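Fair warning: this is a prediction, and the values are worked out from it, not measured in the lab.
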Amino acid sequence: MTDEPNQLGEYLRARRELVTPEQIGIPVVGSRRVPGLRREEVAMLAGISAEYYLRLEQGRDRNPSAQVLGAIGRVLQLDDDAYLLSLVADTPRRPRRRVRRETVRPSTLRLVAELPFPAFVEGRALDVLAANPLATALSPRLAVGRNRLRDVFLDEAERALFANIEGASAALVAGFRRAIGTDVDDPRVIELVGELSVASPEFRRVWARHDVGPRAGATLTFDHPEVGAIRLDREKLGVTDSPGAMLVVYHAEPGTESADKLAMLASASLTASAPHPRTPSAEHRDA
C-alpha cells in the first residue's frame, strides 16, 4: 500500500455518510449503526462488488475507471463528478514547486481602484491580494493581507455581517476545495487548513464534508453596522495571468434601498480617503 494520502477514499467515505437511504429509495428496517449509506449499498447501486468498493475507500485500488467513478458519483448524488474524477491515482502529479507569492498585474490593480463598486481580488487560497476603499467600507476585513476563510470562520465582526453565515461559510469552503483541487499538500493550504481546524469546530465539520462547489456569483444580505441590512449581488470573475485568482465585485440592483445604502458607503469612503487640508503656516495666515 502506498504512503500517498488517500484523497479518493476520504472523499468517498465523507460523501457516502451524507446520503441517507431514504434519498435513494432504500427502505430502512431497524436501527442503523452508520450515518448515511453502507459501503455495500453504494456498491450494489453502482453495479460493482462490495469488495472492490472497499478497496477504493481503503486506498488499495487507486485506478478506477471513469465509468465506475461516474456510477458511484450518481449514487452519492454528486452534481458534478469532475472533482471525483480528478482524485484518481493515474492523474499526472505535478512536481512540487516552491511556493510563489501571488501577485496582481498593475492593470488589474488600476481596475479594482477605479471600479465604482466594492471590489477586491482573492487568491487561490482566498487571500485578499487587492481591494478598493469601498470594499473596505463594506467590511474592514476586505483589505490586502487578510484571508477570507480565516475571517469568515474566526472573526466575530466579520461573521456578524452575514445574514446567513452558515450558508456563506459552507459555500466559501466548497469554492476553496474547487480552487485547490488535489493540491492539498500545498504548504499554504496545509498552513491554512491546519490553523482553522484547530481554531474552529465549525470549519472542521464543514471541511470534513468534502463539499466541492464553484467560486460563483451569489446574492448576499449583509447586516452592516452603519447602514443596516444591505442586499448585494456578488460576481466572481477569473483574473488574466493569475491562475486561481478571482475578481470579486459587489453591486446592488439600481433603484433599490440597498443601492442607496451602497451609495452612502461610497460617499463615506471617499470622504475618509480624501487628503485633509493642511493648516496654513503663520506666514501665510498673516499674508
Engineer: Would you say Gln7 and Tyr11 are linked by a side-chain donor-acceptor pair, where the criterion is simply a distance under 3.5 Å?
Structural biologist: no

Engineer: Is there side-chain contact between Pro116 and Leu134, with heavy atoms separated by less than 4.5 Å?
Structural biologist: no

Engineer: Mind checking whether Phe153 and Phe203 have ring centres under 6.0 Å apart?
Structural biologist: yes

Engineer: Look only at the side chain of Asn147 and the backbone of Ala125, and say whether a donor-acceptor pair between them is shorter than 3.5 Å.
Structural biologist: yes

Engineer: Any side-chain to backbone donor/acceptor pair from Ser242 onto Val239? Under 3.5 Å, distance only.
Structural biologist: no

Engineer: Check this for me: does any side-chain nitrogen of one of Glu257 and Lys261 sit under 4.0 Å from a carboxylate oxygen of the other?
Structural biologist: yes

Engineer: Answer yes if Val121 and Val248 sit in the same cluster of Ile, Leu, Val, Met, Phe, Trp and Tyr residues linked by side chain heavy atoms under 4.5 Å apart, and no otherwise.
Structural biologist: no

Engineer: Looking at Leu8 and Pro64, what are the two nearest heavy atoms and their distance?
Structural biologist: CD2-CG, 4.1 Å

Engineer: Taking side chain as C-beta onward, heavy atoms only, is Asp155 less than 4.5 Å from Arg150?
Structural biologist: no

Engineer: So that I can tick it off, tell me whether Arg124 and Glu102 are bridged by a salt bridge, with the cut-off set at under 4.0 angstrom between side-chain N and carboxylate O.
Structural biologist: no

Engineer: Mind telling me whether Tyr250 and Phe222 have parallel, tilted or perpendicular rings, with 30° and 60° as the class edges?
Structural biologist: perpendicular

Engineer: Could you go step by step and tell me if Asp211 and Arg15 meet the salt bridge (charged side-chain N to carboxylate O under 4.0 Å, His left out) rule?
Structural biologist: CA-CA 8 Å; Asp211 289 332; Arg15 302 309 303 180; 2.2 Å; yes

Engineer: Any carboxylate oxygen within less than 4.0 angstrom of a Lys/Arg side-chain nitrogen, looking at Glu17 and Arg38?
Structural biologist: no

Engineer: Out of Leu111, Thr108, Val104, which one pairs with Leu247 under the side-chain contact (heavy atoms from CB on, under 4.5 Å) rule?
Structural biologist: Leu111

Engineer: Sort out for me which residue in Arg148, Arg188, Arg146 forms a salt bridge (charged side-chain N to carboxylate O under 4.0 Å, His left out) with Asp127.
Structural biologist: Arg188

Engineer: Do you reckon Phe162 sits in the same ILVMFWY cluster as Phe120, going by side-chain contacts under 4.5 Å, direct or chained?
Structural biologist: yes

Engineer: For the backbone of Ala216 and the side chain of Arg234, can you confirm whether one donor and one acceptor N or O come within less than 3.5 Å of each other?
Structural biologist: yes

Engineer: I'd like to know if the side chain of Arg159 and the backbone of Val152 have a donor-acceptor N/O pair within less than 3.5 Å.
Structural biologist: yes

Engineer: Using side-chain heavy atoms (C-beta onward) and a distance below 4.5 Å, is Leu232 in contact with Thr219?
Structural biologist: no

Engineer: If only side-chain N and O atoms count, and only distance matters, is there a donor-acceptor pair under 3.5 Å linking Thr20 with Gln23?
Structural biologist: yes

Engineer: Could you tell me the separation between the CZ atom of Arg13 and the CG atom of Asn6, rounded to the nearest 0.5 Å?
Structural biologist: 7.0 Å

Engineer: Counting only N and O atoms by type, is there a donor-acceptor contact under 3.5 Å from the side chain of Ser258 to the main-chain atoms of Ile230?
Structural biologist: no

Engineer: Is there side-chain contact between Leu220 and Arg231, with at least one heavy-atom pair below 4.5 Å?
Structural biologist: no

Engineer: If you measure only the distance, is there a donor-acceptor pair under 3.5 Å linking the side chains of His210 and Glu10?
Structural biologist: no

Engineer: Side-chain contact, heavy-atom cut-off 4.5 Å: Leu56 with Ile72?
Structural biologist: yes

Engineer: If we count only N and O atoms by modelled type, under 3.5 Å, do the side chains of Ser169 and Glu202 hold a donor and an acceptor together?
Structural biologist: yes

Engineer: Look at the side chain of His251 and the backbone N and O of Ala259, then say whether any donor-acceptor pair between them is shorter than 3.5 Å.
Structural biologist: no

Engineer: Can you check whether Gly59's main-chain N or O pairs, donor with acceptor, with Arg62's side chain at less than 3.5 Å?
Structural biologist: yes

Engineer: Between Arg60 and Glu51, does a side-chain contact (heavy atoms from CB on, under 4.5 Å) hold up when you go through it step by step?
Structural biologist: CA-CA 11 Å; Arg60 292 186 286 131; Glu51 171 59 26; 3.4 Å; yes

Engineer: Tell me if a side-chain donor or acceptor on Asn63 pairs with a main-chain N or O of Ser65 at a distance below 3.5 Å.
Structural biologist: no

Engineer: Does atom CZ of Arg55 have more than 12 heavy-atom neighbours, drawn from other residues, nucleotides or ligands, at distances under 6.0 Å?
Structural biologist: yes

Engineer: Please assess Glu122 against Arg215 for the test salt bridge (charged side-chain N to carboxylate O under 4.0 Å, His left out), listing each intermediate value before the final yes or no.
Structural biologist: CA-CA 11 Å; Glu122 67 178 21; Arg215 297 166 73 187; 3.0 Å; yes

Engineer: For Glu158 and Ser139, test the side chains for any donor-to-acceptor distance below 3.5 angstrom and give the result as yes or no.
Structural biologist: yes

Engineer: Are Leu172 and Leu192 connected into the same hydrophobic cluster when the rule is that any two of I, L, V, M, F, W, Y join if their side-chain heavy atoms are below 4.5 Å apart?
Structural biologist: yes

Engineer: Has the side chain of Asn132 got a donor or acceptor atom that lies under 3.5 Å from a matching backbone atom of Phe117?
Structural biologist: yes

Engineer: Shortest non-hydrogen contact from Leu154 to Ala199?
Structural biologist: CD2-CB, 3.7 Å

Engineer: Which pair of non-hydrogen atoms, one from Asp223 and one from Ala229, has the smallest distance, and what is that distance?
Structural biologist: OD1-N, 4.2 Å

Engineer: Which heavy atom of Leu84 sits nearest a heavy atom of Leu69, and at what distance?
Structural biologist: CD2-O, 3.4 Å

Engineer: Do Leu142 and Val112 belong together in a cluster built from hydrophobic side chains that touch within less than 4.5 Å?
Structural biologist: no

Engineer: Run the salt-bridge test on Arg16 and Glu57 with the 4.0 Å N-O cut-off and return the result as yes or no.
Structural biologist: yes

Engineer: Testing the basics here: between Ala131 and Val144, what is the closest heavy-atom pair and its distance to 0.1 Å?
Structural biologist: N-CG2, 4.2 Å

Engineer: So does Leu196 get a backbone contact from the side chain of Ser200, meaning a donor-acceptor N/O pair under 3.5 Å?
Structural biologist: no

Engineer: Measuring from Leu37:CG to Met44:CE, what's the distance to the nearest 0.5 Å?
Structural biologist: 9.0 Å

Engineer: At their closest point, which heavy atom of Ala170 faces which heavy atom of Val206, and how far apart are they?
Structural biologist: CA-CG1, 4.0 Å

Engineer: Membership question, hydrophobic clusters at under 4.5 Å side-chain separation (ILVMFWY): are Leu18 and Val75 in the same one?
Structural biologist: no

